[in-house]
Amino acid sequence: MGETNYRSGIDRRSEAYGYNVAYRRFRHISVSERILNTAFLLTIAIGYMVALANMYYTHQSRDGIAGLSIDDVIIAYHGSNDQTRLGAAIKGIMEPNLKYKSDKDVILKWIQNGAKEPEYNDHIAPILNRDCIICHAPAINPSLPDLTHYSGVAEVAHANGASLPFLIRISHIHLFGMAFLLFFIGKTFLLCDLNNIVKRVSIIIPFAAMLLDVLSWFLTKSFPAFAYVVVASGALMGISMGMQILVSIYQMWFYPRNKFR
């Protein structure tokens, strides 16, 4: 009887604070569920940090300067009259993958001479097939440029940024993958004791930021200034997702059970 009265008191207070008592909260779930939710959220957080590191090493130094800058983002999606994606990579993150350092000059000279197909078949393809396609093949990593044939290499050997087929390919992978992650993170976050309006806004922000991020990839191809939107929307998605993870873990383990007594 005492427990029933206590629960009824919580429900009345919850209604007064605007909470819908028809749904469970973290205080209602078992320790096993908390462990499962926490393991999932922490794994996603670590995976996202690794993804950020991968993004950094994939796009950094495209402008010939160490580190990741807005110019690197512009070159990646819009292109540059002075830099090509392949040339920047060969002078930066891909250089250590070359078996022979002299191959760097061979590739750069080929790019400077117009990146023609006959020279590619004779001199460039053997180098890329030996040192690069272990990662740059659609079957292995569809988000990276395809270096298994001339047409794929030509896309990154000319100063025209990411191609439309490439953007479409990585967009559908990104949207499907991130939508599932954000759904399950948001589903867990809904168990928090927070105002309903706050929760509704919080769960929609990362989805909106993700869509804006992907849209900005296509816009940056034509309008380089949208590179700032790419950076801002990506940061907003990461921050909002991280907030949901942190608040969820805190309320699962450290939030007072008798908060509404």
Side-chain angles (χ1 to χ4, degrees), residues 37-78 83 85-86 88-89 91-97 132 134-136 138 140-146 156 161-162 166-189 202-221 224-250:
N37 288 334
T38 302
F40 169 74
L41 293 175
L42 289 177
T43 302
I44 293 300
I46 294 171
Y48 188 75
M49 288 187 287
V50 173
L52 290 177
N54 177 69
M55 180 186 68
Y56 175 84
Y57 285 110
T58 299
H59 294 296
Q60 62 130 358
S61 302
R62 291 179 183 273
D63 57 357
I65 302 173
L68 183 63
S69 68
I70 195 69
D71 289 331
D72 293 321
V73 179
I74 292 174
I75 293 171
Y77 295 104
H78 178 74
Q83 296 279 352
R85 297 178 67 194
L86 180 60
K91 290 186 288 186
I93 59 174
M94 286 181 62
E95 183 177 1
N97 297 329
C132 302
I134 189 173
C135 295
H136 288 266
I140 298 173
N141 195 335
S143 65
L144 292 178
D146 181 4
V156 293
F166 173 76
L167 289 177
I168 292 174
R169 184 169 68 249
I170 64 171
S171 294
H172 97 270
I173 295 172
H174 186 78
L175 288 171
F176 278 130
M178 288 305 302
F180 277 108
L181 293 180
L182 294 178
F183 173 80
F184 287 112
I185 292 172
K187 195 78 170 176
T188 304
F189 179 72
S202 297
I203 61 175
I204 201 64
I205 285 177
F207 283 96
M210 175 184 65
L211 293 174
L212 180 59
D213 184 29
V214 172
L215 176 61
S216 299
W217 298 351
F218 292 88
L219 293 174
T220 303
K221 182 170 175 59
F226 274 92
Y228 290 95
V229 182
V230 172
V231 175
S233 56
L236 178 60
M237 184 184 71
I239 292 171
S240 58
M241 187 172 68
M243 181 276 295
Q244 290 185 35
I245 292 174
L246 290 175
V247 172
S248 295
I249 292 176
Y250 169 74

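Throughout, numbering of the chain's residues begins at 1 and tracks the sequence. What you see below is based on every heavy atom in this structure, not just the backbone, and it leaves out hydrogens, waters and symmetry mates.
Counting only distance, with no hydrogens or angles, the side chain of His136 and the backbone of Pro145 share a donor-acceptor pair below 3.5 Å.
Remark: Ser240 OG to Ile245 CD1 distance equals 10.0 Å, nearest 0.5 Å. Interatomic distance, CE of Met178 versus CE of Met237, reported as 4.0 Å (0.5 Å rounding). Atoms CG and OG, from Asp213 and Ser233 in turn, are 4.0 Å apart once rounded to the nearest 0.5 Å. Atom CG of Leu182 sits about 4.5 Å away from atom CZ of Phe207, to the nearest 0.5 Å. In this structure, the separation between OH on Tyr77 and CZ on Phe166 is 7.5 Å, given to the nearest 0.5 Å. Gln244 CD to Leu41 CG: the interatomic distance, rounded to the nearest 0.5 Å, is 9.5 Å.
Summarising the geometry of Arg169 relative to Leu144, their closest heavy-atom pair is NH2-O, 4.1 Å, with the distance given to 0.1 Å. In this structure, Phe189 and Ser202 approach most closely via the heavy-atom pair CE2-CB, 3.6 Å. Listed here is the closest heavy atom pair of Ala227 and Val73: CB-CG1, 3.8 Å. Scanning all heavy atoms of the two residues, the minimum distance from Val230 to Ser216 falls at CG2-CB, 3.4 Å. Heavy-atom minimum distance, Cys132 versus Met94: SG-CE, 3.4 Å. When all heavy atoms of Ala39 and Thr43 are compared, the closest pair comes out as O-OG1, 2.7 Å.
Not a single ring pair (Phe, Tyr, Trp, His ring centres under 6.0 Å) links His172 to another residue, sequence neighbours left out. Residues that satisfy the side chain to side chain donor-acceptor pair (under 3.5 Å) test with Asn37, not counting sequence neighbours, are absent from this structure.
With contacts defined as side-chain heavy-atom distances shorter than 4.5 Å, the pair Ile185/Phe40 qualifies. You'll find the side chain of Asn141 stays beyond 4.5 Å of the side chain of Cys135, heavy atoms only.
With a 6.0 Å radius and a threshold of 12 heavy atoms from other residues, nucleotides or ligands, Leu52 has its CG atom above the threshold.
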Discussion item. Is there a side chain to side chain contact (heavy atoms under 4.5 Å, CB included) between Leu175 and Leu211? Walk through the geometry before answering.
Written reply: CA-CA 8 Å; Leu175 288 171; Leu211 293 174; 3.8 Å; yes
Item to complete: Start with the C-alpha gap between Ile168 and Phe218, add the side-chain angles, then the distance that decides, and say whether side chain to side chain contact (heavy atoms under 4.5 Å, CB included) holds.
Response: CA-CA 9 Å; Ile168 292 174; Phe218 292 88; 4.0 Å; yes
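For the side chain to side chain contact (heavy atoms under 4.5 Å, CB included) criterion with Val229, the lone passing option out of Leu219, Leu212, Thr220 is Leu212.
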